[in-house]
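Please read the structure below before turning to the comments.
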Amino acid sequence: MTVTQRRAGRPRDESVSEAISEAVLGLLAEVGIRGMSVDAVAARAGVSKASIYRRWSSKEDLVIDVIGGLVSRVEVSSTGEIRADLLLVLGRFGAFLSELKAGLIFPRLVGEVHCGSDLGRHYAESVILPRRALLAGLIADARERGELRRDLDVEIAVDMLTGPVILRNLMGAFRAADPAADEKLVDALLEGWRA
């Protein structure tokens, strides 16, 4: 019995994949997952629908893959002083939400996260939860060092810190920007959290 080896096809053109990814991100930011179609992605990317379907079996798989490609490692080293750590994390979080592609599509994916769709779960697991874990670790470490109250609930503290930042992002044009907002928030919370 002879085994016939399949010949590898022509290598995929990475510029096509990049054009498709950029089109997906642009459309997600503009019209969200429900308003986006494979036709619209193909037109914006300047490729055929067949080029998309050769790479992904559905619109949802395409979006999940593109979001997965956006995620960068989340790292912040502790300074040993919780106020400085929180300000650093909030600064990066604010920049993530307002400047980086994964953050710019955040408002459009909130509903997906809320309803627990595959896309929402993937976005939460790859983008939101790692950032929450980082923040929780910083708060827990500060509690262990004695900077924060021993009875401070870390998960609630993370919610108290991130909730206002997310709300400011979602309110966007309806709120005036306040460059001191992060400092005001951290100082107000630390007043109740400190040991």
Side-chain angles (χ1 to χ4, degrees), residues 20-36 41 56 58-79 82-143 148 152-175 177-178 181-186 188-190 193:
I20 293 168
S21 293
E22 288 299 315
V24 166
L25 294 172
L27 288 165
L28 273 178
E30 292 166 24
V31 299
I33 184 72
R34 306 245 185 293
M36 186 181 88
V41 172
W56 299 278
S58 68
K59 177 175 81 169
E60 288 74 19
D61 288 344
L62 166 62
V63 173
I64 286 171
D65 192 45
V66 168
I67 288 172
L70 289 176
V71 179
S72 56
R73 278 186 76 196
V74 183
E75 287 182 35
V76 171
S77 344
S78 174
T79 65
I82 191 61
R83 183 178 187 277
D85 290 345
L86 294 179
L87 287 173
L88 178 63
V89 170
L90 284 187
R92 289 185 179 175
F93 187 41
F96 167 80
L97 286 174
S98 62
E99 297 166 16
L100 298 180
K101 290 173 185 169
L104 292 174
I105 61 175
F106 174 77
R108 295 288 188 169
L109 294 180
V110 168
E112 297 297 320
V113 173
H114 176 72
C115 73
S117 71
D118 286 343
L119 175 60
R121 260 195 314 282
H122 182 76
Y123 187 78
E125 289 168 1
S126 60
V127 176
I128 297 171
L129 295 178
R131 285 159 178 78
R132 279 189 65 87
L134 169 75
L135 193 49
L138 290 173
I139 292 170
D141 289 348
R143 188 179 62 184
L148 301 177
L152 178 66
D153 184 303
V154 172
E155 286 300 310
I156 290 175
V158 171
D159 291 342
M160 293 170 72
L161 195 60
T162 57
V165 178
I166 292 169
L167 183 60
R168 280 196 314 258
N169 177 265
L170 293 175
M171 294 300 290
F174 299 108
R175 286 187 59 127
D178 179 359
D182 288 351
E183 284 191 64
K184 290 176 186 176
L185 174 62
V186 167
L189 291 174
L190 285 179
W193 293 357

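Since the structure is predicted, the reported quantities are computational estimates derived from the model, not experimental observations.
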Note to self: With heavy-atom distances below 4.5 Å as the criterion, would you say the side chains of R168 and D182 are in contact?
What the structure shows: yes
Next item on the list: Decide yes or no on side-chain contact (heavy atoms from CB on, under 4.5 Å) for V154 and R143, but give the supporting numbers first.
Entry: CA-CA 9 Å; V154 172; R143 188 179 62 184; 3.5 Å; yes
Note to self: How close do S78 and D85 get, counting heavy atoms only, and between which atoms?
What the structure shows: OG-OD2, 2.9 Å
Notebook entry, point to check: CD/E60 to NE2/H122 distance, rounded to the nearest 0.5 angstrom?
Noted result: 13.0 Å
Notebook entry, point to check: Considering only heavy atoms from C-beta outward, does the side chain of I33 approach that of R108 to under 4.5 Å?
Noted result: no
Next item on the list: For V186 and L90, work out which heavy atoms get closest and say how close.
Entry: CG2-CD1, 3.6 Å
Item checked: For R83 against E183, the heavy-atom pair lying closest together -> NH2-OE1, 3.1 Å
Note to self: Within the 4.5 Å heavy-atom criterion, are L135 and F93 side-chain neighbours or not?
What the structure shows: no
Next item on the list: Start with the C-alpha gap between I20 and W56, add the side-chain angles, then the distance that decides, and say whether side-chain contact (heavy atoms from CB on, under 4.5 Å) holds.
Entry: CA-CA 11 Å; I20 293 168; W56 299 278; 3.7 Å; yes
Margin query: Restricting to non-hydrogen atoms, name the atom on M36 and the atom on V31 that form the minimum distance, rounded to 0.1 Å.
Written below: N-CG2, 3.7 Å
Margin query: Could you walk me through whether I67 and I105 satisfy the side-chain contact (heavy atoms from CB on, under 4.5 Å) test, starting with their C-alpha distance in whole Å, then the side-chain angles of each, then the deciding distance to 0.1 Å, before giving a yes or no?
Written below: CA-CA 9 Å; I67 288 172; I105 61 175; 3.9 Å; yes
Item checked: Side chain proximity check, R132 to E155, heavy atoms < 4.5 angstrom -> yes
Note to self: I'd like to know whether L189 forms a side-chain contact (heavy atoms from CB on, under 4.5 Å) with L86, so could you lay out the CA-CA distance, the side-chain angles of the two residues, the decisive distance to 0.1 Å, and finally the verdict.
What the structure shows: CA-CA 11 Å; L189 291 174; L86 294 179; over 6 Å; no
Check: With side chains defined as the heavy atoms from C-beta onward, is the minimum distance between D61 and D65 less than 4.5 Å?
Finding: no
Next item on the list: Taking the side chain as every heavy atom from C-beta outward, state whether R131 and T162 have any pair of such atoms under 4.5 Å apart.
Entry: no
Checklist line | Student check: side-chain heavy atoms of L28 and V66 closer than 4.5 Å | finding: no
Item checked: Qualifying residue for side-chain contact (heavy atoms from CB on, under 4.5 Å) with I139, from L134, I156, L152, V89 -> L152
Next item on the list: Identify the two heavy atoms, one from V113 and one from A124, that lie closest to each other, and give their separation to 0.1 Å.
Entry: CG1-CB, 4.3 Å
Next item on the list: Decide yes or no for F106 and I128: does some side-chain heavy atom of the first lie under 4.5 Å from some side-chain heavy atom of the second?
Entry: yes
Next item on the list: Working to the nearest 0.5 Å, report the span between OG of S117 and CD1 of I64.
Entry: 7.5 Å
